[in-house]
Amino acid sequence: MNMKPITEDDLQAYVDNALDAERHLEVSAFLEKNDQAARRIGSYRRDAEALRSALAPVAAEAVPSRLNLAHMIEAKGPAPGRRFASMAAAAVLLLAIGGSGGWLLKGFSMPSSEGVAALAQEASASYTVFSPDTVRPVEVRADGNTDLKQIASGVVGSAVAIPDLSKVGYRLMGGRVIPTSHGPGFMVMYDDDKGNRLVMLTRRMQVDQDKPMVASTQQDVHGWSWAENGMGYSLVGSLAPDRLHPIADAVRSQI
């Protein structure tokens with residue numbers, strides 16, 4: 001019997017351990033014979049592990065009290081059976097999300113963010129996950145033959161600048177595609193001769209299409225974010241905001 005072709009859905013399910021045993025073996029055999037696909041799937045798995053590791057403390061946080069099912073019912077008062085069932089289903093869904101991606105729940109315990117505030121959070125999350133990686137912090141290296149600007153522009157659907165920060169002491173390492181809840185973004189990473197790293201995330205903006213530069217802080221990650229002509233930019237790192245600001249100005253001047 002001929003084996004069904006291995007599709008991208010099969011590969012993604014393989015990363016998520018969502019295949020049945022037989023199909024898992026078929027995909028494993030396929031990857032053993034296809035080095036390029038194996039490297040890509042291996043990278044996806046490392047990224048997933050990095051995300052789980054980075055966000056594990058958030059996943060362990062208690063569910064906010066206002067998402068407690070009993071509190072929700074009390075706040076809404078007596079409800080018909082169907083409404084109760086819907087609320088129960090929603091609560092189960094939230095708890096399920098908490099088990100696999102607890103950082104989503106954290107958004108319910110703080111004001112919802114859009115525009116450059118959301119972009120700053122996404123850039124900070126990218127920095128937290130990828131900047132500590134000593135093996136593959138970027139998917140496409142700047143010293144390779146691939147044009148980062150071309151890839152970035154293809155991802156966001158518009159011309160994207162890749163700033164040169166050599167004059168402020170930072171070398172371009174490369175970049176990678178970053179999926180966000182507001183559409184695809186492209187991340188570029190820089191480092192200096194002391195091992196410090198910076199991340200810049202660029203994506204299209206649905207909100208705050210033109211926004212002056214604003215500061216942000218997510219735990220130990222500081223950043224400056226802004227938007228121009230429908231494109232958003234966020235530069236983040238562990239530098240203090242006053243030290244990061246002139247670097248962000250250098251980025252903005254080139255964009």
Side-chain angles (χ1 to χ4, degrees), residues 1-61 63 67 86 88-108 118-119 121-141 144 146 148 150-152 154-157 174-189 199 201-204 206:
M1 182 180 295
N2 293 331
M3 183 183 72
K4 293 189 300 182
I6 302 298
T7 67
E8 184 64 24
D9 287 343
D10 290 322
L11 295 175
Q12 296 296 335
Y14 181 85
V15 172
D16 296 332
N17 294 318
L19 295 173
D20 59 45
E22 181 179 358
R23 193 57 171 169
H24 184 91
L25 290 175
E26 292 174 350
V27 174
S28 295
F30 169 82
L31 293 174
E32 288 178 0
K33 299 177 181 178
N34 294 268
D35 292 341
Q36 184 175 359
R39 287 194 297 270
R40 179 163 64 91
I41 296 308
S43 174
Y44 290 168
R45 282 194 153 180
R46 288 191 294 273
D47 290 349
E49 289 298 329
L51 280 168
R52 278 192 287 269
S53 176
L55 300 173
V58 181
E61 293 180 1
V63 177
L67 294 179
S86 298
V92 170
L93 176 61
L94 287 172
L95 290 174
I97 292 174
S100 60
W103 72 290
L104 294 175
L105 281 178
K106 190 169 186 177
F108 287 92
L119 177 64
Q121 291 181 359
E122 294 157 0
S124 296
S126 299
Y127 177 87
T128 300
V129 171
F130 297 115
S131 67
D133 192 339
T134 59
V135 177
R136 199 184 182 102
V138 294
E139 280 292 328
V140 182
R141 290 191 171 276
T146 306
L148 277 176
Q150 182 179 357
I151 295 175
V155 169
V156 302
R176 66 166 64 235
V177 179
I178 299 293
T180 79
S181 58
H182 300 88
F186 195 77
M187 179 200 86
V188 289
M189 186 180 294
V199 156
L201 181 63
T202 304
R203 68 164 169 80
R204 284 191 170 276
Q206 290 80 42

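V177 places a side-chain heavy atom less than 4.5 Å from the side chain of F186. Two residues are said to be in side-chain contact when any heavy atoms from C-beta on lie closer than 4.5 Å; F130 and V199 fail this criterion.
Across E122 and S181, no two heavy atoms sit closer than the pair OE2-OG, 4.1 Å. G183 and R203 get closest at one heavy-atom pair: O-CD, 4.3 Å. What you find for R141 and V138 is that their closest heavy atoms are CG-CG2, 4.2 Å. Nearest heavy-atom pair across S126 and I178 is OG-CG2, 3.6 Å.
The backbone N or O of G157 lies less than 3.5 Å from a partner atom in the side chain of R204, making a donor-acceptor pair. In this structure, D10 contributes its side chain and T7 its backbone to a donor-acceptor pair below 3.5 Å.
Between atom CE of residue M187 and atom OG1 of residue T202 there is a gap of 11.0 Å, rounded to the nearest 0.5 Å. Note that the CG atom of L201 and the OG atom of S124 stand 9.5 Å from one another [nearest 0.5 Å]. Rounding to the nearest 0.5 Å places CZ of R39 at 11.0 Å from CD of E139.
Checked against side chain to side chain contact (heavy atoms under 4.5 Å, CB included), A37 has the following partners two or more places apart in sequence or in another chain: F30, L31, N34. Residues meeting the side chain to side chain donor-acceptor pair (under 3.5 Å) test with D20, sequence neighbours left out: none.
Counting non-hydrogen atoms of other residues, nucleotides and ligands closer than 6.0 Å to CD of Q150 gives a total of 12 or fewer.
Within the structure, the salt bridge (charged side-chain N to carboxylate O under 4.0 Å, His left out) test picks out the following pairs touching residues 26-35 (sequence neighbours left out): R23-E26.
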